[in-house]
Amino acid sequence: MYYLFAICALLATEILYIQLAKSFRIVDLPTDRSSHKYATVRGGGVIFPIALFLPYYFGEINSSLVLVVLLVAAISFLDDMFSLSQLPRAVAQIAGTLYLFYDLEVLYLEWYYVLICAVLFFGWINAYNFMDGINGISVLYCLVALISFSVIEANYIYHETFAILGLACLVFSFFNLRQKAVAFLGDVGSISLAIILGYFMLHTIVATDNIYYLLFFAIYGVDAIITIFIRLLKRENILKPHRSHLYQQLANEHGKSHIRVSFCYALAQLSLNFLLIYGIGMANMSAILFTLVLCTIFFFYILARINYRIKTVS
């Protein structure tokens, strides 16, 4: 009954928001850099910060995560509506990151570790936002991350939270995981998910004392890093919207189905995560093995980009 109530409440919330967004014209209009061709409701990911209230009410998560997600979600939602400048978004994200670091006791580490964690966390938030460019990709990737975190023993205390967020993913997928999406995540959704997943990543690393769990985000991370590097070589502004990611090129220039590309990214990350957990074993990971896995992902990613470019030229 608990989960039935949750999915009905989330579904009703999403339907209500879509109707309100249409009335107030909170829509994403297509541009030459967009991957969609029709005006689509923006900010449908508002159900994800709302979904946190159930596990918070039952005491499974503390107020820190909820407060930070609500703060950043509010600023992001205003950005979805009015296109804010970079400053308020950056201030909210940095403040939220530091508060989560305090909650997870990351601030008690050496200053250079705190700095590295801050750069990685802040970079992850923005990378996840940039990667949300085609239908279904981010919600499927989130679902993969939740499944992966849920099988880690240190995270068993969050099983209700993972289940509720998983249901929110399924509800949102109904409106987004289709060739012509009804709603997009918007910044309110993508940045909220990035913070939620980043929080559980930090918790997993701190609880297990194993930094190699970063590989759970490797597919998105590799795509984001290489794309930024390519854009810097071209002297492009990396903060501006673009269509340079591999998934964007496959979906836009190469004509691949959004759904197919999104599932490929999700399945690649899911396969990697379960290989790490049940094949190699995270307890057996070392710096050398971590580097080898990461280099292998880089190799196949670059090979895919080269292969795509050759086909495009020919």
Side-chain angles (χ1 to χ4, degrees), residues 117 120-121 123-134 136-156 158 162 165-166 169 173 177 190 193-194 196-229 245-251 256-308:
C117 288
L120 288 175
F121 197 91
W124 164 248
I125 293 173
N126 288 277
Y128 198 90
N129 189 31
F130 287 146
M131 289 294 291
D132 181 38
I134 61 173
I137 191 167
S138 286
V139 70
L140 285 178
Y141 200 84
C142 175
L143 195 56
V144 166
L146 293 173
I147 292 170
S148 303
F149 284 134
S150 69
V151 300
I152 305 302
E153 186 176 355
N155 291 327
Y156 284 176
Y158 293 122
F162 294 141
L165 289 172
C169 287
S173 294
L177 188 59
S190 61
L193 285 180
I196 292 169
L197 295 180
Y199 176 86
F200 289 122
M201 173 62 79
L202 271 178
H203 173 269
T204 304
I205 291 173
V206 171
T208 62
D209 194 27
N210 189 339
I211 197 172
Y212 304 126
Y213 280 102
L214 287 173
L215 289 172
F216 276 15
F217 294 162
I219 303 299
Y220 258 27
V222 167
D223 196 332
I225 290 170
I226 293 182
T227 302
I228 288 173
F229 179 72
H245 288 288
L246 175 61
Y247 76 86
Q248 289 173 314
Q249 304 234 340
L250 290 172
K256 300 293 185 182
S257 162
H258 285 214
I259 310 306
R260 181 180 176 184
V261 175
S262 297
F263 268 106
C264 284
Y265 268 71
L267 289 174
Q269 187 66 69
L270 183 64
S271 301
L272 173 63
N273 293 357
F274 273 71
L275 173 64
L276 295 172
I277 297 170
Y278 298 112
I280 299 172
M282 292 304 296
N284 299 322
M285 288 293 293
S286 63
I288 295 175
L289 191 54
F290 174 83
T291 304
L292 180 61
V293 171
L294 206 54
C295 288
T296 302
I297 298 169
F298 270 100
F299 171 77
F300 281 106
Y301 177 85
I302 293 171
L303 194 64
R305 290 195 77 115
I306 293 173
N307 183 56
Y308 159 75

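When reading the values below, keep in mind they use all heavy atoms of this one structure, side chains included, and skip hydrogens, waters and symmetry mates.
For L177, the side chain to side chain contact (heavy atoms under 4.5 Å, CB included) criterion is met by L140, S173, I259, F263, not counting sequence neighbours. In this structure, S262 has no side chain to side chain donor-acceptor pair (under 3.5 Å) partners at least two apart in sequence or on a different chain. The side chain to side chain donor-acceptor pair (under 3.5 Å) search around S271 returns none, not counting sequence neighbours. Residues satisfying the side chain to side chain contact (heavy atoms under 4.5 Å, CB included) criterion with N155, sequence neighbours excluded, are F149, I152, Y158, F162, H203, T204. In terms of the side chain to side chain donor-acceptor pair (under 3.5 Å) criterion, residue partners of Y265 (sequence neighbours excluded) are, by chain and number, D223. Among residues two or more places apart in sequence or in another chain, the ring pair (Phe, Tyr, Trp, His ring centres under 6.0 Å) test is passed with Y128 by W124, Y220. Under the side chain to side chain contact (heavy atoms under 4.5 Å, CB included) criterion, Y156 pairs with E153, not counting sequence neighbours. Shown here are the side chain to side chain contact (heavy atoms under 4.5 Å, CB included) partners of S286, two or more places apart in sequence or in another chain: I288, L289. Residues passing the ring pair (Phe, Tyr, Trp, His ring centres under 6.0 Å) test with F290, sequence neighbours excluded: Y212. By the ring pair (Phe, Tyr, Trp, His ring centres under 6.0 Å) test, Y199 pairs with no residue at all, sequence neighbours left out. For F300, the ring pair (Phe, Tyr, Trp, His ring centres under 6.0 Å) test picks out no residue, with sequence neighbours left out.
Heavy-atom neighbours of I211 CD1 from other residues, nucleotides or ligands within 6.0 Å: at or below the threshold of 12. Heavy atoms from other residues, nucleotides or ligands lying under 6.0 Å from CG of N284 number more than 12.
Within the model, atoms OH of Y213 and CG of N273 stand 10.5 Å from one another, a figure rounded to the nearest 0.5 Å. Here the straight-line distance linking atom CG of L214 with atom CG of L202 works out to 8.5 Å at 0.5 Å rounding. Remark: L272 CG to S148 OG distance equals 9.0 Å, nearest 0.5 Å. Once rounded to the nearest 0.5 Å, the distance linking CD1 of I226 with CG of L246 reads 9.0 Å. The line from CZ of F299 to CG of L292 is 12.0 Å long, rounded to the nearest 0.5 Å. The line from CG of L270 to CZ of F216 is 10.0 Å long, rounded to the nearest 0.5 Å.
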Show, in sequence, the C-alpha distance, side-chain angles and deciding distance for I137 and Q248, and conclude whether the side chain to side chain contact (heavy atoms under 4.5 Å, CB included) test is met. CA-CA 11 Å; I137 191 167; Q248 289 173 314; over 6 Å; no
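Ring orientation note: the planes of Y247 and H245 are close to parallel, at an angle under 30° on the 30°/60° scale.
In this structure, S190 and D132 approach most closely via the heavy-atom pair CB-OD2, 4.0 Å. Closest approach of A154 and T208 over heavy atoms only: CB-CG2, 3.8 Å. Taking both residues in full, the closest heavy atoms of C142 and L193 are given as SG-CD2, 3.6 Å, listed atom of the first, atom of the second, then distance. Minimum interatomic distance between T227 and Y301 (heavy atoms only, all atoms of both residues): OG1-OH, 3.7 Å. The two atoms that bring A251 and V261 nearest to each other are N-CG2, 4.5 Å, heavy atoms only. Across Q269 and I219, no two heavy atoms sit closer than the pair OE1-N, 2.8 Å.
Contact of the F274 side chain with the I147 side chain is registered, since non-hydrogen atoms from C-beta on lie closer than 4.5 Å. Between I228 and F130, every side-chain heavy-atom pair lies at or beyond the 4.5 Å cut-off.
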